S.K.: 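Before I ask anything, let me first share the structure, which is written out below as C-alpha cells.
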Amino acid sequence: MAVAKDKAQPNAVQRPSADSSANGAAPAPDLSKDLQISAYRDMLLIRRFEEKAGQMYGMGLIGGFCHLYIGQEAVVVGMQMALKPGDQVITGYRDHGHMLACGMDPKGVMAELTGRTHGYSKGKGGSMHMFSAEKGFFGGHGIVGAQVPLGTGLAFANKYRGNDNVSLTYFGDGAANQGQVYESFNMAKLWKLPVVYIIENNQYAMGTSIARSSATTNLAKRGLSHDIAGEQVDGMDVRAVSAAAEKAVAWCRGGNGPIILEMLTYRYRGHSMSDPAKYRTREEVEKVRTDHDPIEQVRRRLLERKWVGEDDIKKIDAKIRDAVNEAAEFAINDPEPDPSELYTDVVR
Amino acid sequence: MPIEVLMPALSPTMEKGNLAKWLKSVGDTVKAGDVIAEIETDKATMEVEAVDEGTLGKILIPEGTADVAVNTPIAVILGEGENASDIKAAAPAKRTPVPDPATQQHVAESEPRVEETDAVKAPAATASSLPKPDAIELPEVPAGTEMVTMTMREALRDAMAEEMRSDDSVFVMGEEVAEYQGAYKVTQGLLQEFGPRRVVDTPITEHGFAGIGVGAALAGLKPIVEFMTFNFAMQAIDQILNSAAKTLYMSGGQMKSSVVFRGPNGAAARVAAQHSQDYSAWYSHIPGLTVIAPSNAADAKGLLKASIRSPNPVIFLENEILYGQSSPVPKLDDFVLPIGKARVARTGKDVTLVAFSIGMTYALKSADELAKLGIEAEVIDLRTLRPLDSDTVIASVKKTGRIVTIEEGWPQCGIGAEIAARVVAEAFDYLDAPPTRVAGKDVPMPYAANLEKLALPSVAEIVEAAKAVCYR
C-alpha cells in the first residue's frame, strides 16, 4: 500500500498549493539585475563546491558522511538576502551550502571536510559539525531535529537582549516529524520568539518519501495548532524564496513571533554519498534538472534579458571554478591537526 | 589539459568495485553533474557524475569490468580545443595519502592522561597536614569567617540570586520555577526579585527547553536550566550530550555553551523506579561536561556560583532529601568554591571512605560507628564528580591502604567502580585490601518501604565493608 502510494506521486517537484498561505501562491516577484547576478554566482559556488566535495569523497580525501546540497541552492541563497549582521543561521547535517551562503571561506569549509588543521573546526567536526561565530553560523548539527530547539534558543537570546535580530532555523521534511520540533513551535509562539522555521522539503527523508512518512504532507501547516502562520514557497526559484524571506524576516523583526516557510525543493544526489537512490527513478531526477534547476533558471533569465552575455557567464563560471579548485588544493595540502589537538577544546 | 575521471568510492572502506555501465560514449559532450557511468559493489550501486565539463575523450575501463580499484582512471574528459592526441598528458587529480589510522591510534595511546600523571606525582599527605575532623570545615574559607546556618535549598537560591544580580546574562528556566516558586521551592523569591524575563516558567517539555537553553548559551547567555528532577532529563539527554557537551570540541573551540542543568537527582522517598534514579555515573562518563554533587549547604552555594560562572556545561546534581538539611555557610560577599576539588571531611588513618551528595550522610555516620570499634576512618567528599579529584583520594589511600566507596547509584560502571580502577592503577602497592564498593542494589527502585530501604546503601553495610577491608 505504502509503496503504491509513493509511486503514485506524479510530480517530482511539488508546486505550492493554492491554499498554502493566507495570500495564496502569487507569481514570484522579480529581483534586480544585481541581485540575480549575485544569486547566480552564490548558487553556482555552492553547486561547484558540492560537486568537488563529491569528487574528493570518491577519492577518499573526505571521510565519514557527506550530504550534498546540489539542487537546493536557491533556498539558502534566497533566504540569506533578507539577513543583516547579528542574525543567526543554524541547520542540520546538509550544511555546506548554508555555510557558503553565510560567507564562510570555501577553503576553511573544504579543509574541514578533509579533516585538516585550518578547517573551521580544526578538523574535529567534519561535514556535519561546522560553525563560525564570526559569520553567525551556529552549525552544522548531526542529530535530526536537534537544531530546532537550538535555533529557537538563539531567538530566545535575541528577545532576551531586546534586539531585532532573527534566527533562521533550517530543517528538513524528515526532521519535521521529530517531537522536539513541536516543543519548539509551542515555546516560540508562547514567548513570541523571532525565529523563521525553514522546512527544506526535498521530499525524501533519506530514502522515505514524504508521502510514506507524513500523515499530512503540507508542512507549511504544521504550525497551525500553535497558531504559527506558514507558507509554501517554490524553493527552486530564488526570486520566490527571496520574497518569502523578506516578508518572514520582517514579521519576526516586528516582534510578531515565529513563522514557517516550507521550501519545496529537491536534492539531485542521494541522501549521503553512499546512497544509491533506488527509491526514485532517474527520470524523476532528470525532469527536475531539466525543468526546474535553480541555477539554470537564473542563467537563462540573465541571458534572455541581455543583462549579461555568454562571455560574462563564462567569466563567472571560470572564477567560481578557480575558487573551488583553490579550496580543494588548500584542503588537500593543509596538514592534519597536530596530535596534541586531540585533547584541546574539550572544556575551557 | 585533459582530465582523468577516477573510480570513486562509495564509502571510506571501499577499495574496489565493478564498472557496471557507461551512460556516455566517446565523443559525447559532458556537463558537470551529468551521470556518465554506474558502478557497483556487493552492497550498493552508485552513479558517477562528471565534475568537469568537456567531451568524453576516451574510456579507459570498459563496462562490465570487475574489481576496479578506487582512484583508477576510468575515462578522460577533454576540454575546449583539446583532442584525443592530448590524452597522454592527462593530469590525474592530485592524490594525497589518506591518514593512517594506526599511526593516530598510537599517538592517542601514548599521550599521558594529565590527571593520572599528576596523581602519581602528588605527595602523600601526612596525618598532621590534614584538616581536623569537622564535617563542614572548608579549607577555602578564611579563619574567623562568620558562619550562617541555612538549608541547602536556601543556599542554592542565594547562589542563583547573587549571580543574577551581578550578571544580566544569567537567567533561570524550567517547570514551575517562577509563579509556583519551584517544585521543591529552590527558586523561591526569584520571580519577585528578577521578574518573568529572567525567571521563565516553561511548559512540560524537557527536550525542547533544554535545547532552547543550550541555544541561548551558544548565543552567549548563561542559562540555569532546572529539571524538576533529573529523572525527567532523560527526555533531554540528547541535547545535553550532543548539543551542550560536544559543541566546544566540534567547533574547534569557537562555540561555548555556558549552561547549568540543575535539579534533584537520585532517590527521594517512596517514589519508586522511574523517579528514583541516580545519574551521577551517567553524566560523569561524558567528556565536555562538568558534574557536581554537593553534600551540604556551603558546598552547594560555593559550587553553584562557580558552575554558573563556568564557561562549560555543568550538570549540578542536588538531592531532594538534603534540600531541607541545615548547615553553616560562610558569610562572605562572594563565596565561590573551586570546581574539581574534593574535601577531606574527616581525617583518619585506618580506612578511606569516599562519598558524595547524600552518600556523605552515610559515610559520616559510619565513621562515627567505626570510631566506637577503634577504626579511624578518613572521609572524603568528592563534591565534583567530573573532573574527578583523584589526587585527594590517592593521597588518602596511600596513607590508609584501604578504601570503601559509597553511592546510591547502581554498582556496574558506577562512580565507585571508576575510583576503584584508579586506586588500583595508581596506588596498587599501597593497598592492604581490595577496594570495596557499597552501592545501590542492582535492581530498579522498589516502592515498598522495606524493599526501598534494602535497595539503598546503609550505615550497617558500610561499617561491615570497612571492617572487612580492615580484616576485623
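In what follows, chains carry the letters A, B, and so on, assigned in the order in which the sequence lines appear, proteins first and then strands, with residues in each chain numbered from 1. The model shown is predicted, which means the values in this text are computed figures rather than measured ones.
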S.K.: Within a 6.0 Å radius of atom NZ on K31(B), are there more than 12 heavy atoms belonging to other residues, nucleotides or ligands?
M.R.: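 Not buried by this count: 12 neighbours or fewer within 6.0 Å.
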
S.K.: Chain B heavy atoms under 4.5 Å from K278(A): which part of the residue, side chain, backbone, both or neither?
M.R.: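 Just the side chain, heavy atoms under 4.5 Å.
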
S.K.: Is K246(B) close to chain A through its backbone or its side chain, or both, or neither, when contacts mean heavy atoms under 4.5 Å?
M.R.: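 Interface part for K246(B): neither.
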
S.K.: Heavy-atom count around F330(A) CZ within 6.0 Å, excluding the residue itself: above 12?
M.R.: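 Above 12, so yes.
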
S.K.: Checking I143(A) against chain B: side chain, backbone, both or neither under 4.5 Å from a heavy atom?
M.R.: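 Contact with chain B: side chain only.
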
S.K.: For the interface with chain A, which of A216(B), P8(B), S251(B), G213(B) has the highest count of heavy-atom pairs at distances below 4.5 Å?
M.R.: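 Counting heavy-atom pairs under 4.5 Å, the top option is S251(B).
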
S.K.: Can you tell which part of V48(B) gets under 4.5 Å to a heavy atom of chain A, answering side chain, backbone, both or neither?
M.R.: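 Neither part; nothing is under 4.5 Å.
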
S.K.: Does any heavy atom of chain B fall under 4.5 Å from the side chain of T344(A), the backbone, both, or neither of them?
M.R.: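 Backbone only.
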
S.K.: Any salt bridge linking E49(B) with R269(A)? Criterion: basic side-chain nitrogen under 4.0 Å from a carboxylate oxygen.
M.R.: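 Salt bridge: yes.
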
S.K.: Of all the heavy-atom pairs spanning E112(A) and G125(A), show the shortest one and how long it is.
M.R.: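 That would be OE2-N, 2.8 Å.
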
S.K.: Answer with side chain, backbone, both or neither: which region of S258(B) has an atom nearer than 4.5 Å to a non-hydrogen atom of chain A?
M.R.: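 Looking at S258(B), nothing touches chain A.
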
S.K.: Is R47(A) close to chain B through its backbone or its side chain, or both, or neither, when contacts mean heavy atoms under 4.5 Å?
M.R.: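 For R47(A), there is no contact with chain B at all, as no heavy atom is under 4.5 Å.
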
S.K.: Using a 4.5 angstrom heavy-atom cutoff, name the option from L190(A), L150(A), I90(A) with the most pairs to chain B.
M.R.: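 Heavy-atom pairs under 4.5 Å are most numerous for L150(A).
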
S.K.: Between F209(B), F171(B), Y249(B), who has the most heavy-atom pairs with chain A when the cutoff is under 4.5 Å?
M.R.: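 The answer is Y249(B).
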
S.K.: Are S169(B) and Y160(A) close enough that a side-chain donor and a side-chain acceptor fall under 3.5 Å?
M.R.: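 No, no side-chain donor-acceptor contact under 3.5 Å.
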
S.K.: Side chain, backbone, both or neither: which part of M273(A) has a heavy atom under 4.5 Å from chain B?
M.R.: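 Both the backbone and the side chain of M273(A) come within 4.5 Å of chain B.
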
S.K.: Could you check which of P149(A), G136(A), S167(A) has the highest count of heavy-atom pairs closer than 4.5 Å to chain B?
M.R.: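 Result: the option with the highest number of such pairs is P149(A).
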
S.K.: Would you mind checking which part of E206(B) comes under 4.5 Å of any heavy atom in chain A, side chain (CB onward), backbone (N, CA, C, O), both or neither?
M.R.: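 When you check distances to chain A, only backbone atoms of E206(B) fall under 4.5 Å.
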
S.K.: Please tabulate, for side-chain N and O atoms in residues 217-226 of chain B, each donor-acceptor pair with protein atoms closer than 3.5 Å (sequence neighbours left out).
M.R.:
{"unit_1": "K222(B)", "atom_1": "NZ", "unit_2": "I308(B)", "atom_2": "O", "d": "3.4"}
{"unit_1": "K222(B)", "atom_1": "NZ", "unit_2": "R309(B)", "atom_2": "O", "d": "3.3"}
{"unit_1": "E226(B)", "atom_1": "OE1", "unit_2": "R262(B)", "atom_2": "NH1", "d": "2.8"}
{"unit_1": "E226(B)", "atom_1": "OE1", "unit_2": "R262(B)", "atom_2": "NH2", "d": "3.2"}

S.K.: Between F185(A) and chain B, with a heavy-atom cut-off of 4.5 Å, which part of the residue counts as in contact: side chain, backbone, both or neither?
M.R.: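 Neither; nothing under 4.5 Å.
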
S.K.: Are K314(A) and E53(B) close enough for a salt bridge, meaning some N to O gap below 4.0 Å?
M.R.: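 Salt bridge absent between K314(A) and E53(B).
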
S.K.: Q147(A) and T169(A): which non-hydrogen atoms are nearest, and at how many Å?
M.R.: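 Minimum heavy-atom separation between Q147(A) and T169(A): O-CG2, 3.7 Å.
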
S.K.: Examine whether an atom of V70(B) lies under 4.5 Å from a heavy atom of chain A, and if so say whether it belongs to the side chain, the backbone or both; otherwise answer neither.
M.R.: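 For V70(B), side-chain heavy atoms alone lie under 4.5 Å from chain A.
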
S.K.: Which of these, K287(A), E284(A), Q72(A), R289(A), sits in a side chain to side chain donor-acceptor pair (under 3.5 Å) with Y266(A)?
M.R.: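 Between Y266(A) and the candidates, side chain to side chain donor-acceptor pair (under 3.5 Å) is satisfied uniquely by E284(A).
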
S.K.: Give, as side chain, backbone, both or neither, the part of Q254(B) having an atom under 4.5 angstrom from any heavy atom of chain A.
M.R.: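 Both parts, backbone and side chain.
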
S.K.: If we define contacts as heavy-atom pairs under 4.5 Å, which of R282(A), E341(A), K52(A) has the most with chain B?
M.R.: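 Most pairs with chain B among the choices: R282(A).
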
S.K.: In terms of heavy-atom proximity below 4.5 Å to chain A, should L23(B) be classed as side chain, backbone, both, or neither?
M.R.: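 Interface part for L23(B): side chain.
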
S.K.: Given the side-chain rings of Y120(A) and H129(A), with only the six-membered ring counted for Trp, is the space between their centroids under 6.0 Å?
M.R.: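 Between Y120(A) and H129(A), the centre distance exceeds or equals 6.0 Å.
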
S.K.: Is the gap between the ring centers of H207(B) and Y182(A) under 6.0 Å?
M.R.: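 No, they do not, as the ring centres are separated by 6.0 Å or more.
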
S.K.: Heavy-atom distances under 4.5 Å only: say whether N186(A) touches chain B with side chain, backbone, both or neither.
M.R.: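 Contact with chain B: side chain only.
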
S.K.: For R299(A), is there an ion pair with E296(A) - N to carboxylate O distance below 4.0 angstrom?
M.R.: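 Answer for the salt bridge query: yes.
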
